Amino acid sequence: MSGFGEQESRGYDRRASKLLGGLYRHIADEAAAATGAGEAVLDVGTGPGLLLAHLGRRRPDLLLHGVDLSPHMIALARANRAEHAAELSVGDVGALPYPDNSFDLVVSSLSMHEWPDPVAAAAELERVLRPRGTLAIYDFRFVRDASMRSALGARFAAPTVRRKVVRPRWYPIGLYAQWSARAA
């Protein structure tokens, strides 16, 4: 997989800003409720950083981090996150540039369908989560997810991996699914 180029990144930023605000607000609300004061959050596939911007407005006490494969997306995320501090890095979900046990919450929105190696991704997500940390992955509900569910099930306790349809108020038929897991 290769990252978005500059034009693709700018186009995605414009579309996401207009079309996905409700989804990002929904995810930010859930992330804010799932974290304690001062906890560390990683947004995998952060793109232009819109989720981090929403989360930073709700919970300025959180230590926010974002990673994306595209340096152009990271540049946009820096611009979009100017009002709230966040550490932003270029990196791949299959080889995350963070130490073990770094995050209390790892969240990803609309990027799982792009991950080329679900087994490597699941291993890295588990590695960077702190004990009892939470993983929440949101993607289109029509995404073929059997290999990702299998990879997550091998790394996280099977009963904690679940799928639910998320129906933000702005789109009542529910385009998104969430996969959630808790580290041992």
Side-chain angles (χ1 to χ4, degrees), residues 12 15-68 73 77 80-81 83-88 93 96 98 101-115 121-122 124-126 128-143 145 148-149 151-153 155-184:
Y12 183 88
R15 288 187 306 279
S17 295
K18 291 179 183 174
L19 301 174
L20 299 175
L23 176 66
Y24 289 130
R25 284 188 296 277
H26 174 85
I27 297 170
D29 288 344
E30 287 193 351
T35 50
E39 289 190 334
V41 177
L42 173 62
D43 180 12
V44 176
T46 195
L50 300 174
L51 175 58
L52 291 175
H54 284 287
L55 190 52
R57 282 192 287 278
R58 280 168 184 68
R59 293 287 306 278
D61 63 298
L62 295 175
L63 304 172
L64 300 177
H65 301 262
V67 63
D68 199 279
M73 286 292 199
N80 289 336
R81 294 282 309 125
E83 69 209 45
H84 302 286
E87 179 186 300
L88 299 164
V93 67
L96 292 169
Y98 304 101
N101 304 315
S102 295
F103 301 101
D104 301 289
L105 171 66
V106 175
V107 65
S108 180
S109 56
L110 306 181
S111 73
M112 182 194 71
H113 64 272
E114 298 282 353
W115 300 347
E124 282 295 280
L125 295 169
E126 178 192 38
V128 301
L129 268 173
R130 291 184 175 138
R132 295 177 305 285
T134 301
L135 169 66
I137 302 174
Y138 299 78
D139 212 324
F140 301 105
R141 75 175 171 167
F142 53 78
V143 167
D145 68 340
M148 193 68 222
R149 280 187 292 131
L152 289 171
R155 291 285 177 173
F156 296 90
T160 64
V161 178
R162 63 185 167 84
R163 181 177 182 193
K164 72 174 185 176
V165 175
V166 175
R167 290 187 168 93
R169 288 184 299 257
W170 60 271
Y171 200 88
I173 65 170
L175 278 180
Y176 305 97
Q178 174 191 11
W179 293 261
S180 180
R182 187 166 291 278

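This chain uses plain numbering: 1 for the first residue, then up along the sequence. These figures come from a predicted structure and were not determined experimentally.
Counting only distance, with no hydrogens or angles, the side chain of Arg155 and the backbone of Glu126 share no donor-acceptor pair below 3.5 Å. Within the 3.5 Å criterion, the main-chain N or O of Ala32 finds a donor-acceptor partner in the side chain of Arg59. For the pair Ser108 (side chain) and Ile137 (backbone), a donor-acceptor distance under 3.5 Å is absent.
Residues Val107 and Ile27 have side chains in contact (heavy-atom distance under 4.5 Å, counting atoms from C-beta outward). Contact annotation: the side chain of Arg58 approaches that of Asp29 to within less than 4.5 Å [non-hydrogen atoms, C-beta and beyond]. Using a 4.5 Å cut-off on side-chain heavy atoms (C-beta onward), Thr134 and Asp104 make no contact. Side-chain contact between Trp115 and Glu124 is absent, with no heavy-atom pair separated by less than 4.5 Å. With contacts defined as side-chain heavy-atom distances shorter than 4.5 Å, the pair Ser102/Leu42 does not qualify.
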Would you check, one step at a time, whether the test side-chain contact (heavy atoms from CB on, under 4.5 Å) holds for Leu64 with Asp43? CA-CA 8 Å; Leu64 300 177; Asp43 180 12; over 6 Å; no
One pair to check against side-chain contact (heavy atoms from CB on, under 4.5 Å): Tyr24 and Leu55. What are the steps and the verdict? CA-CA 9 Å; Tyr24 289 130; Leu55 190 52; over 6 Å; no
Checking Val67 against Leu88 for the side-chain contact (heavy atoms from CB on, under 4.5 Å) test, could you report, in this order, the C-alpha distance in whole Å, the side-chain angles of both residues, the deciding distance, and whether it holds? CA-CA 6 Å; Val67 63; Leu88 299 164; over 6 Å; no
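Here Arg25 contributes atom CZ and Arg57 contributes atom CZ; the two are 9.0 Å apart, rounded to the nearest 0.5 Å. A distance of 6.0 Å separates CG of Leu125 from CE of Met148, quoted to the nearest 0.5 Å. Note: Tyr138 OH to Met112 CE = 13.0 Å, rounded to the nearest 0.5 Å.
Here the shortest heavy-atom pairing between Ser111 and Gly45 reads OG-CA, 3.9 Å. Taking all atoms of both residues into account, the shortest heavy-atom contact from Ala28 to Leu51 is N-CD1, 3.7 Å. Residues Ala31 and Leu105 come closest through the heavy atom pair CB-CD2, 3.6 Å. Closest heavy-atom contact between Asp68 and Gly47: OD2-N, 2.7 Å. Asp61 approaches Ala37 most closely through the heavy-atom pair OD2-CA, 3.1 Å.
Between Tyr98 and His65, the ring-plane angle classifies as perpendicular under the 30° and 60° cut-offs.
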